[in-house]
Amino acid sequence: MNVQATPRVRQAAPKDARTLAKLIDIAGEGIPNWLWSRHYIDGKSPLDVGEKRAKRASGGFSYTNALIAEDEGVPVGMVLSYAIHEAPDDNPRDLPLPIAPFVALEKLSVGTWYVNALAVFANKRGSGTGSRLLQAAEDLGVANGSKAMSIQVYEQNVGAVRLYTNFGYEIAAREPVRLHPCQPYYTGDVLLLTKPLGQ
């Protein structure tokens, strides 16, 4: 009998920064890499910029907000989540097109434990790792006293939408995708999904 081991989930550390950068770029469908490329400095690659940002001890994209899933000690996925206490100040009309719908929806996520990104490397998808990471994020939300979860996803990313709806998330709002050369894959809407906690 082939018994699949449950992936170990642990708090991320600074040493995981490059892995986190790779995974958040997967979660963001290439948008993070495009944003990092706008900060190209001293011969650094976009991934180098992402790694440096992940090593910060503060800010949304920080190792302090990330959990890593491991298979036999090798990182295979991550979830980045934290409480949203106040709405972003940014006006979506002033932002780069690919991220405008996400910021608009984040303004509706105040008071929730927000899953900023969840990603699993391609060779480990379908192994239950995504479900394990999502459950770990919900456990953090409960532990931190949050009453609800929120997460965003392209409506055409049917696999991710299926995962979240299977976990009890429901559509709370939507914003149209802003087409851009770095994101030609999806049309339609970005969805904000929410779920109450503690029930």
Side-chain angles (χ1 to χ4, degrees), residues 6-28 31-32 50-71 75-90 92 99 101-120 124 128-154 157 160-175 190-199:
T6 301
R8 172 179 177 251
V9 175
R10 62 166 174 82
Q11 174 63 48
K15 68 177 182 178
D16 300 306
R18 197 162 188 88
T19 296
L20 291 173
K22 291 176 181 178
L23 285 163
I24 202 166
D25 190 49
I26 291 170
I31 292 175
E51 179 181 3
K52 183 177 179 180
R53 293 192 171 197
K55 283 183 178 176
R56 297 177 302 180
S58 61
F61 181 40
S62 163
Y63 72 90
T64 61
N65 293 324
L67 300 175
I68 292 279
E70 291 183 330
D71 181 7
V76 295
M78 73 93 189
V79 63
L80 185 73
S81 66
Y82 45 84
I84 294 186
H85 297 296
E86 57 186 28
D89 293 333
D90 309 274
I99 64 171
F102 296 97
V103 173
L105 291 172
E106 189 174 331
K107 290 176 181 289
L108 305 177
S109 300
V110 175
T112 70
W113 191 263
Y114 175 58
V115 177
N116 179 294
L118 189 157
V120 177
K124 290 297 179 180
T129 301
S131 295
R132 178 74 182 89
L133 285 165
L134 186 56
Q135 184 60 61
E138 291 189 7
D139 293 344
L140 275 178
V142 171
N144 283 277
S146 294
K147 302 300 183 186
M149 300 290 297
S150 64
I151 194 166
Q152 298 178 23
V153 64
Y154 290 105
N157 186 347
V161 172
R162 184 184 311 114
L163 170 64
Y164 305 143
T165 54
N166 285 345
F167 262 73
Y169 289 77
E170 296 182 349
I171 299 171
R174 58 176 69 224
E175 279 283 324
V190 177
L191 306 178
L192 172 66
L193 304 174
T194 60
K195 173 185 177 178
L197 288 175
Q199 296 184 352

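Qualifying side-chain contact (heavy atoms from CB on, under 4.5 Å) partners for T165, counting only residues two or more places apart in sequence or in other chains: V161. With sequence neighbours excluded, no residue forms a salt bridge (charged side-chain N to carboxylate O under 4.0 Å, His left out) with R132. Remark: E170 engages no residue in a salt bridge (charged side-chain N to carboxylate O under 4.0 Å, His left out) (not counting sequence neighbours). In this structure T194 satisfies the side-chain hydrogen bond (donor to acceptor under 3.5 Å, both in side chains) test with no other residue, sequence neighbours excluded. Listed by chain and number, the residues in a side-chain hydrogen bond (donor to acceptor under 3.5 Å, both in side chains) with R56 amount to none (sequence neighbours excluded). Residues satisfying the side-chain contact (heavy atoms from CB on, under 4.5 Å) test with A12, not counting sequence neighbours, are D16, L20, Y63, A66, I68. Applying the salt bridge (charged side-chain N to carboxylate O under 4.0 Å, His left out) test to K55 and every residue at least two apart in sequence or in another chain returns E51. With sequence neighbours left out, the side-chain contact (heavy atoms from CB on, under 4.5 Å) criterion links K107 to A87, P88, P92, V103. Residues meeting the side-chain hydrogen bond (donor to acceptor under 3.5 Å, both in side chains) test with K124, sequence neighbours left out: D71. By the salt bridge (charged side-chain N to carboxylate O under 4.0 Å, His left out) test, E106 is found to be paired with no residue, residues two or more places apart in sequence or in another chain being considered. Residues that satisfy the side-chain hydrogen bond (donor to acceptor under 3.5 Å, both in side chains) test with D139, not counting sequence neighbours, are Q135. In this view, L108 and L105, A173, L192 satisfy the side-chain contact (heavy atoms from CB on, under 4.5 Å) rule, not counting sequence neighbours.
Under the 4.5 Å side-chain criterion, counting only non-hydrogen atoms from C-beta, V153 is not in contact with Y169. Side-chain contact between F167 and E138: present, with at least one pair of heavy atoms (C-beta onward) separated by less than 4.5 Å.
Separation of atoms CG (D25) and CD1 (I31) is listed at 9.5 Å; rounding is to 0.5 Å. Residue N116 holds its CG atom at 10.5 Å from OG of S109, rounded to the nearest 0.5 Å. Note that the NZ atom of K195 and the CE atom of M149 stand 8.0 Å from one another [nearest 0.5 Å]. Expressed to the nearest 0.5 Å, how far CG of L191 lies from CD1 of I171 amounts to 4.5 Å. Distance CG/L140 to CG/L197: 11.0 Å, rounded to 0.5 Å.
Closest non-hydrogen pair, I24 versus A117, comes out as CG1-CB, 3.8 Å. The two residues S62 and G59 come nearest to each other via the heavy atoms CB-O, 3.3 Å. When all heavy atoms of L23 and G77 are compared, the pair lying nearest together is CD1-C, 3.7 Å. Smallest separation of non-hydrogen atoms from G60 and N65: O-ND2, 3.1 Å. Residues P75 and R10 approach most closely at CG-NH2, 4.4 Å, considering heavy atoms. L163 approaches S131 most closely through the heavy-atom pair CD1-OG, 3.3 Å.
The neighbour count for N166 CG, taken as heavy atoms of other residues, nucleotides or ligands under 6.0 Å away, is above 12.
Between Y82 and F61, the ring centre distance reaches or exceeds 6.0 Å.
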Inset, instruction - Show your working on side chain to side chain contact (heavy atoms under 4.5 Å, CB included) between L67 and Q11 and close with a plain yes or no. - result: CA-CA 5 Å; L67 300 175; Q11 174 63 48; 3.9 Å; yes
Legend entry - Derivation of the side chain to side chain contact (heavy atoms under 4.5 Å, CB included) call for L133 and V9: CA-CA 7 Å; L133 285 165; V9 175; 4.2 Å; yes
Inset, instruction - Dump the intermediate steps for side chain to side chain contact (heavy atoms under 4.5 Å, CB included) on M78 and T19, then the final yes or no. - result: CA-CA 9 Å; M78 73 93 189; T19 296; over 6 Å; no
Inset, instruction - Evaluate the side chain to side chain donor-acceptor pair (under 3.5 Å) criterion for residues S150 and W113: first the C-alpha distance (whole Å), next the side-chain angles of each, then the deciding distance (0.1 Å), finally the verdict. - result: CA-CA 6 Å; S150 64; W113 191 263; over 6 Å; no
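S146 contributes no side-chain N or O that, together with a main-chain N or O of A148, makes up a donor-acceptor pair within less than 3.5 Å. Proximity of a side-chain donor or acceptor of Q152 to a complementary backbone N or O of F102 within less than 3.5 Å is detected.
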